[in-house]
Amino acid sequence: MDDTAKSNSARPRRSGAIAPLLSATLLSACGTVTLGSAEFASTAPTEEIQSANDSSATANARSTEAAKAVEAAKAAMPAQTAGNQLTRIDNPAAVTGMVRHFGYLDVTRVQKDGSQEFDARFATFDTPTPASIVLENFAVPPPDTCETSSRTSPIQIRDELDFPGHPYKFVSAGKTVPVLHDGGSYINMSREDDEGGIRYGSAMSGAAVTMGGHRLLDLFVRTADLELSIPGSTDFPAVAAIPVPNVSNLSGFNLDEDDRVSADTRFTWKAGNTPEARIQISAGGGGRAVFCAAQDDGQFEFPPAIRNWIGTDTIPNPEAYRDATVFYQIGDLIFIVSQSTDL
């Protein structure tokens with residue numbers, strides 16, 4: 001049995017949603033992956049993305065709906081946030097104090113069809129909780145670091161939403177929660193109530209323009225100049241605009257899933273221009289897997305310890321994607337925003 005599942009260095013994992021985020025290739029080599037007390041069978045994801053066939057009329061209607069939600073959010077902005085300044089957290093280890101709320105937004109670009117998925121949750125702790133605990137749970141790995149997994153030493157997947165001793169509940173942040181582009185309406189996330197609590201989500205069609213089999217542009221999808229606007233509720237504070245880090249599609253990656261990596265493999269790709277972006281590189285099969293978070297500078301080689309671990313062996317199924325995560329604080333709220341390209 002191969003425990004070659006995604007590690008802490010991979011895409012953010014949310015409780016109850018791990019299966020769709022694990023690589024189908026790596027999952028095919030696994031038996032059962034343990035996440036806290038929950039177990040997930042090694043089957044490939046079956047959730048499908050919303051059809052990417054939206055017409056222009058549908059897109060315009062969606063834009064109008066989002067614009068109305070933005071105006072409603074501004075009108076309903078409670079006084080409790082008026083005196084607070086949204087602050088980007090560049091050094092999570094230096095943050096002190098207590099918080100009552102946390103939340104996250106994940107934006108995922110699916111390269112194969114150019115679509116875009118949005119997933120957000122908003123939570124309130126029962127009692128004030130150290131901000132450091134939230135930041136530690138959602139911490140991202142330092143650049144150019146790796147983790148390994150094997151049959152004898154499998155990776156234990158961390159549940160970012162597990163806060164022992166600090167109970168909380170997912171709450172409403174508004175009837176809908178809009179995402180803005182360049183200050184204007186872009187997409188509305190709809191509220192969904194399930195057994196795990198309240199969540200918000202939506203999807204955007206790529207509507208790709210192609211020539212000669214190559215994608216030239218996507219009419220509707222935007223990855224830069226996005227902001228989350230939280231209308232708020234009696235349970236969660238309103239925030240006018242939280243910036244989303246820009247993440248462009250990963251291109252020029254020099255390996256594909258048919259290759260094998262060795263200790264001497266040199267990975268290359270077209271570097272991006274978002275400082276906080278990382279390239280998440282993984283390979284796994286035959287009872288071994290390696291996961292690395294590389295600086296987005298266009299090249300990466302395994303650190304000496306990983307080279308020694310691989311030895312003369314080779315590992316199949318190399319994969320990569322680009323992601324970026326930014327932490328913000330406003331008053332007693334910690335918010336985490338991530339954007340990534342899919343595998």
Distance col, row Glu276:CD vs Gln339:CD, nearest 0.5 angstrom, shows 10.5 Å

Is the closest side-chain heavy-atom distance between Phe122 and Ile198 below 4.5 Å?
no

Closer than 4.0 angstrom, basic N to acidic O: yes or no for Glu192 and Arg121?
no

Between the main-chain N or O of Ser248 and the side-chain N or O of Arg109, is there a donor-acceptor pair closer than 3.5 Å?
no

Donor-acceptor pair, distance only, cut-off 3.5 Å: does the side chain of Gln116 make one with the backbone of Arg222?
yes

Connected via hydrophobic side-chain network under 4.5 Å: Tyr321 and Val247
no

Once you measure the plane-to-plane angle for Phe125 and Tyr168, does it fall in the parallel (<30°), tilted (30-60°) or perpendicular (>60°) bin?
perpendicular

In Å and rounded to the nearest 0.5 Å, what is the OG1 to CG distance from Thr265 to Leu255?
6.5 Å

Is the shortest side-chain heavy-atom distance between Val337 and Pro245 below 4.5 Å?
yes

Salt-bridged, Arg88 to Asp90, with N to O below 4.0 Å?
yes

Does Thr124 form a side chain to side chain donor-acceptor pair (under 3.5 Å) with Asp235? I'd like the steps, not just the answer.
CA-CA 7 Å; Thr124 296; Asp235 296 317; over 6 Å; no

Pair Phe335 and Phe102, ring centroids less than 6.0 Å apart
no

Side-chain touch Phe327/Leu135, heavy atoms, less than 4.5 angstrom:
yes

Over all heavy atoms of both residues, which pair between Ala263 and Ile310 is shortest? Give the atoms and the distance, please.
N-CG2, 3.7 Å

In terms of side-chain heavy atoms, does Asn249 have a donor or acceptor partner in Thr341 at a distance below 3.5 Å?
no

Salt bridge or not between Asp323 and Arg278? Use side-chain N to carboxylate O under 4.0 Å.
no

What distance do Ser229 atom OG and Tyr186 atom OH have between them, rounded to the nearest 0.5 Å?
16.0 Å

Using the benzene-type ring in the case of Trp, are the ring centres of Phe118 and Tyr200 under 6.0 Å apart?
no

Using a 3.5 Å distance criterion without hydrogens, assess whether the side chain of Asp264 forms a donor-acceptor pair with backbone atoms of Phe302.
no

Would you say the side chain of Val261 lies within less than 4.5 Å of the side chain of Thr314, judging by non-hydrogen atoms?
no

Under 6.0 Å from the CG atom of Asn308, do we count more than 12 heavy atoms belonging to anything else shown?
yes

